[in-house]
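Below: the structure, in structure tokens.
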Protein chains: 2
Amino acid sequence: MSRKGEQSRERILAAAKELALRKGFAGMSVDDILAAAGVSKGAFFHHFRSRADLAAQLIRWYAEADIRMLRTLVAEAEAAQDGAMAQLLQILGAFEAQLRDPGTAPRGCMYALYSYEEEQFDEEVRALVAEAFRAWTALFIRKFQEMIDAQPPARPVTAKALAEMFVSVIEGGLILQRAHGIPGLAARQSAQFRGYLELLFPRPPQAEG
Amino acid sequence: MSRKGEQSRERILAAAKELALRKGFAGMSVDDILAAAGVSKGAFFHHFRSRADLAAQLIRWYAEADIRMLRTLVAEAEAAQDGAMAQLLQILGAFEAQLRDPGTAPRGCMYALYSYEEEQFDEEVRALVAEAFRAWTALFIRKFQEMIDAQPPARPVTAKALAEMFVSVIEGGLILQRAHGIPGLAARQSAQFRGYLELLFPRPPQAEG
DNA sequence: GGTTGATCAGACCATCTGGTCTGTTCCGAA
DNA sequence: TTCGGAACAGACCAGATGGTCTGATCAACC
């Protein structure tokens with residue numbers, strides 16, 4: 001694929017993502033995408049065999065960038081901090097910063113959208129969504145397990161339950177944030193979750209000076 | 001509106017709800033609804049001026065039943081229990097039971113769906129969704145405030161933050177539950193949230209016997 | 001028994017939509 | 001310089017879709 005061709009493809013995917021997060025996947029027509037991306041119908045069907053093919057490529061493209069971002073946050077935290085708790089707090093903090101920054105704040109989560117419109121998509125696409133969620137939780141499960149191993153939680157919890165709760169709280173926060181038009185709401189949910197973590201894993205009383 | 005007319009209207013709304021929660025609002029056509037509800041096009045457009053009118057009536061109808069259900073749970077808990085904590089635990093417990101029971105478990109939340117497809121709807125419909133969320137959180141804010149007044153939390157939190165977190169965790173749980181095909185996931189999120197509450201408001205050590 | 005309005009049934013229509021097809025442009029390799 | 005395929009541009013089409021309209025049915029009420 002030439003440079004130009006790849007550019008068009010990205011333009012289409014980016015436009016489709018924006019539109020889908022505003023009107024739903026079924027709520028946007030191919031013509032809508034063409035207008036938003038500034039490409040012709042010929043270009044579109046050159047890069048995508050069909051609308052269903054767009055759905056598959058879109059979620060794949062979105063998930064790649066998404067997972068890459070998360071992995072970066074984790075790697076940076078692991079490089080900068082010692083100990084699972086400090087790393088987790090940095091990961092969550094960096095994530096909240098992205099949620100708050102108007103430049104990077106997402107309009108919503110594509111996985112959530114696809115989940116709510118699931119019957120439009122075939123088994124392969126649904127599997128991609130489930131796999132993306134699994135990748136998210138897997139990264140957090142690892143970290144939470146390290147924490148539980150390092151320090152017994154104040155209440156019996158599993159790493160998996162904590163990871164699922166974090167993802168839930170973010171997904172739910174994104175919905176509330178849209179419904180109320182309050183951009184910072186999802187970030188606040190993440191902060192609340194940190195509060196839960198601090199109660200679960202209280203810092204050992206440090207020497208005061 | 002005669003008995004028969006009202007019945008048809010309900011059949012249409014129920015079918016539309018089911019379909020919307022499976023394919024998204026934009027993902028279902030009027031003909032889909034007709035087939036699912038077993039009514040004619042004439043019947044449909046007798047009860048609904050347009051597709052947009054269906055959207056408005058549907059969310060109104062859904063929200064009415066939803067808020068009524070929540071109010072019932074709260075009233076029952078207030079009648080059966082003394083103290084905000086005991087009432088809250090009963091409310092959450094009853095709610096989790098509904099989430100788990102295959103007979104009453106929702107396929108998803110209509111507010112979430114409407115939020116993710118928001119640009120399809122006019123300002124009035126979006127306001128209805130926001131208002132529904134507000135009604136949910138308002139009920140919980142009251143209860144959480146009672147708890148905070150009765151017992152200082154282990155960490156400084158506001159009643160509003162707790163209420164928003166609960167709603168978030170449920171909404172997110174419903175999404176994960178769909179994506180993974182695990183019916184009990186949302187209920188588990190509510191249970192996790194109860195764990196958070198127990199850490200925030202630890203029971204005073206009781207006399208053991 | 002006749003009238004009236006609510007409640008439909010379903011043919012019909014204009015528009016929209018996904019997708020096809022033909023022709024054109026452009027760019028790198030030979 | 002030529003040539004072949006990638007990368008479009010946009011007219012075109014068949015079917016789907018939202019919505020209209022005419023007429024039928026039926027219960028209630030005078």
Note to self: To the nearest 10°, give me the bend of the helix from C:dG1-D:dC30 to C:dA30-D:dT1, comparing the axes of its five terminal pairs at either end.
What the structure shows: 0°
Note to self: Considering only residues two or more places apart or on different chains, which pairs with a residue in residues 159-179 of chain A satisfy side chain to side chain donor-acceptor pair (under 3.5 Å)?
What the structure shows: A:E164-B:R188
Item checked: Rounded distance in Å - CD (A:E10) to C1' (D:dA7) -> 16 Å
Note to self: B:E124: which residues meet the salt bridge (Lys or Arg N to Asp or Glu O under 4.0 Å) condition with it, sequence neighbours left out?
What the structure shows: B:R60
Next item on the list: Send over the distance from A:R11 CZ to D:dA7 P, rounded to a whole Å.
Entry: 15 Å
Next item on the list: Give a yes/no answer on whether the side chain of A:H46 brings an N or O atom under 4.0 Å of OP1 or OP2 in D:dA7.
Entry: yes
Item checked: Aromatic plane relationship, B:F44 with B:F48 - under 30° parallel, 30 to 60° tilted, over 60° perpendicular -> tilted
Next item on the list: Provide, to the nearest angstrom, the distance between the CG atom belonging to A:L19 and the P atom belonging to C:dT17.
Entry: 12 Å
Item checked: Contacts of A:F201 that satisfy ring pair (Phe, Tyr, Trp, His ring centres under 6.0 Å) - sequence neighbours left out -> none
Next item on the list: Find the distance B:R9:CZ to C:dC8:C1' and express it as a whole number of Å.
Entry: 16 Å
Notebook entry, point to check: With sequence neighbours left out, what residues match A:A56 under side-chain contact (heavy atoms from CB on, under 4.5 Å)?
Noted result: A:V125
Side chains of residues 67-74 of chain A: which donor-acceptor pairs under 3.5 Å do they make with residues two or more places apart or in other chains?
unit_1, atom_1, unit_2, atom_2, d
A:T72, OG1, A:R68, O, 2.8

Checklist line | A:H47 side-chain N/O to D:dC8 phosphate OP1/OP2 under 4.0 Å | finding: yes
Margin query: If we ignore hydrogens and angles and just use 3.5 Å, is the side chain of A:D32 paired with the main-chain N or O of A:S29 as donor and acceptor?
Written below: yes
Tabulated below should be each protein N or O lying under 3.5 Å from an N or O of nucleotides 12-18 of chain D; please produce it.
unit_1, atom_1, unit_2, atom_2, d
D:dG18, OP1, B:R51, NH1, 3.1
D:dG18, OP2, B:V30, N, 2.8
D:dG18, N7, B:K41, NZ, 3.3

Next item on the list: Grab the NZ-C1' distance between A:K23 and C:dC16 for me, whole Å please.
Entry: 13 Å
Next item on the list: Return the value, rounded to whole Å, for the distance between atom CD of A:Q7 and atom P of C:dC26.
Entry: 16 Å
Item checked: A:I33 CD1 - C:dC16 C1' separation (whole Å) -> 15 Å
Checklist line | Separation of C:dC21 P from A:F44 CZ (nearest whole Å) | finding: 17 Å
Notebook entry, point to check: Residues in ring pair (Phe, Tyr, Trp, His ring centres under 6.0 Å) with A:F45, at least two apart?
Noted result: none
Item checked: Residue list, ring pair (Phe, Tyr, Trp, His ring centres under 6.0 Å) with A:Y111, at least two apart or on another chain -> A:Y62, A:F133
